[in-house]
Amino acid sequence: MTVVGPFGLHVRDQALEADVQSGLAAVEAGLLEATKSGVPFITEAAQHLVRAGGKRFRPLLVMLASQFGDPDAPGVVPSAVVVELTHLATLYHDDVMDEADVRRGVPSANVRWGNSVAVLTGDFLFARASHILADLGPEAVRIQAEAFERLVTGQILETAGPRDGRDPVDHYLDVLSGKTGSLVAVSGRFGAMMSGADERTVDILTQYGERLGIAFQLADDVLDIASDSHESGKTPGTDLREGIPTLPVLRLRAQAAAEGKPDDLELVEMLDGDLGDDGRLAEALRRLRAHPALERARQDTVRYAQEARATLAPLPEGYAKSALAELCDAVVHRAG
């Protein structure tokens, strides 16, 4: 049993391990090649987050999904490069929107070079992803375009907030389905589709990716509160400080509104105030870490991961299916 990929995923077969490791190495080379420019400064900025590392969660899913067809098919690695480039591009933009200082354990691009360079670098990565995508055929272009539309729609919905009368938790889960679930779903879909898997398998792995992507983001929500920067690679409480309504906070607000406990109402008031002061942010984090709302968010993470695992049931038994199930456990483990 070998550990491979993000989160200490256990792969129980040497042939599968070799395929996955080889695929991820090829993706890494593809990312570096795709982020080269004739302008050295652009290369430096575009490779900033590539070289900082990362989980390569989406490429890993592409590689595992490709096991249900021919994992050596020519479109598998390029499609994995496309989804990771798209993801990286969104990180450059997210850090500008969130005014983040740290990403993947290094200074964020907006801190190092300013907001304009960070935004334009993200655009550069989108352009390079589109260039690769064009060689994968019109169906791949359409799938990626639809996913990107969902991703941007999710981001806009997050910014706009829930309409009057809408349950904020339901709204937020819709946001995550677009912002995160869409691209993870495409990872499962591309891996299966590019490997020549049958249509039913492609559909199953798309649904699996959607649910796993939501679980993955919910785990991130928990980590933003529960972890330190060494674990998460970014400053704890970044979402809190920016007023981003992550699930633990939404669960807290719902409980405070329903029960009216003074301590809960006081914590909500603190979160609604200015968290720019490090001491005030630390106190908010301390109190949230001890609050039942954080455990509720963990339970939500488990639920989505279990739903992802359940979608795998019709797939043939084997090491690839076991690894996908293990990936569900690994995502939950991140959330504690």
Side-chain angles (χ1 to χ4, degrees), residues 31-32 34-58 81-131 144-145 147-161 172 175-176 178-180 182-183 217 220-221 223-225 227 229-230 232-246 249 271-278 280-281 284-285:
L31 288 171
L32 289 173
T35 48
K36 286 181 182 176
S37 166
V39 181
F41 175 69
I42 295 177
T43 301
E44 181 185 7
Q47 293 185 350
H48 179 63
L49 290 184
V50 174
R51 295 187 180 279
K55 304 174 191 70
R56 304 295 187 253
F57 173 57
R58 292 155 189 81
V81 173
V82 165
V83 293
E84 187 67 8
L85 280 176
T86 303
H87 171 58
L88 287 169
T90 66
L91 297 185
Y92 281 85
H93 288 181
D94 283 352
D95 286 346
V96 171
M97 294 175 66
D98 299 343
E99 299 179 358
D101 296 328
V102 177
R103 170 70 70 175
R104 295 184 171 177
V106 299
S108 59
N110 47 298
V111 165
R112 186 165 177 181
W113 294 294
N115 286 346
S116 294
V117 169
V119 169
L120 292 169
T121 302
D123 293 345
F124 176 81
L125 296 182
F126 284 132
R128 286 299 174 89
S130 297
H131 188 272
Q144 177 74 354
F148 191 51
E149 179 184 344
R150 288 187 60 207
L151 191 158
V152 174
T153 299
Q155 185 66 68
I156 292 171
L157 287 174
E158 180 179 72
T159 302
Y172 183 63
V175 166
L176 295 195
K179 267 188 64 176
T180 305
S182 60
L183 194 57
Q217 184 57 55
D220 265 4
D221 285 0
L223 284 172
D224 185 65
I225 293 167
S227 75
S229 58
H230 175 72
S232 64
K234 67 177 186 178
T235 305
T238 295
D239 293 337
L240 283 185
R241 178 167 268 165
E242 296 305 315
I244 296 172
T246 59
V249 174
L271 296 178
D272 288 338
D274 182 10
L275 293 179
D277 176 74
D278 288 345
R280 189 175 174 86
L281 177 64
L285 284 170

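Small disclaimer: the values here were computed from a predicted structure and weren't measured.
- Taken to the nearest 0.5 Å, the CG atom of Leu285 stands 8.5 Å off from the CG atom of Leu275.
- Atoms CG and CD1, from Leu151 and Ile156 in turn, are 10.5 Å apart once rounded to the nearest 0.5 Å.
- Between Leu271 and Ala284, the closest heavy-atom pair is CD2-CB, 3.9 Å.
- Of the residues Leu85, Leu31, Leu125, the one that meets the side-chain contact (heavy atoms from CB on, under 4.5 Å) test with Val50 is Leu31.
- Paired with Gln47 under the rule side-chain contact (heavy atoms from CB on, under 4.5 Å), one option of Ile42, Thr35, Leu88, Thr121 passes, and it is Thr35.
- Note: Arg51 CZ to Leu49 CG = 12.0 Å, rounded to the nearest 0.5 Å.
- Taken from CG in Asp239 to CG in Asp224, the straight-line distance is 4.0 Å, to the nearest 0.5 Å.
- Using modelled atom types, no side-chain atom of Arg58 and backbone atom of Lys55 make a donor-acceptor pair closer than 3.5 Å.
- In this structure, Asp274 and Arg280 approach most closely via the heavy-atom pair O-CD, 2.9 Å.
- The shortest non-hydrogen separation linking Ala45 to Tyr92 is O-OH, 2.5 Å.
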Check the pair Phe126 / Phe148 against ring-ring contact (aromatic ring centres under 6.0 Å, His included), numbers first and verdict last. CA-CA 10 Å; Phe126 284 132; Phe148 191 51; 4.8 Å; yes
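- A donor-acceptor pair under 3.5 Å is formed between the side chain of Arg241 and the backbone N or O of Gly276.
- Closest of all the heavy-atom pairs between Ala147 and Ser182 is O-OG, 3.5 Å.
- Looking at Val83 and Thr86, their side chains never come closer than 4.5 Å, going by heavy atoms from C-beta outward.
- Side-chain atoms of Asp221 and Tyr172, non-hydrogen and from C-beta on, do get closer than 4.5 Å to each other.
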Evaluate the criterion side chain to side chain contact (heavy atoms under 4.5 Å, CB included) for residue pair Trp113 and Glu44; output intermediate values, then yes/no. CA-CA 11 Å; Trp113 294 294; Glu44 181 185 7; 3.9 Å; yes
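- Gln144 is listed as a side-chain neighbour of Leu183, based on a closest heavy-atom distance under 4.5 Å.
- The CD1 atom of Ile244 lies 8.0 Å from the CG atom of Asp94; values are rounded to the nearest 0.5 Å.
- Taking all atoms of both residues into account, the shortest heavy-atom contact from Leu281 to Gly237 is CD1-O, 3.9 Å.
- Listed for the Ser37 side chain is no donor-acceptor partner under 3.5 Å among the backbone atoms of Thr43.
- Under the 4.5 Å side-chain criterion, counting only non-hydrogen atoms from C-beta, His93 is not in contact with Gln155.
- The backbone N or O of Glu84 lies less than 3.5 Å from no partner atom in the side chain of Arg56, so there is not a single donor-acceptor pair.
- Using a 4.5 Å heavy-atom threshold, the side chains of Arg112 and His48 count as touching.
- Separation of atoms NZ (Lys179) and CD (Glu158) is listed at 3.5 Å; rounding is to 0.5 Å.
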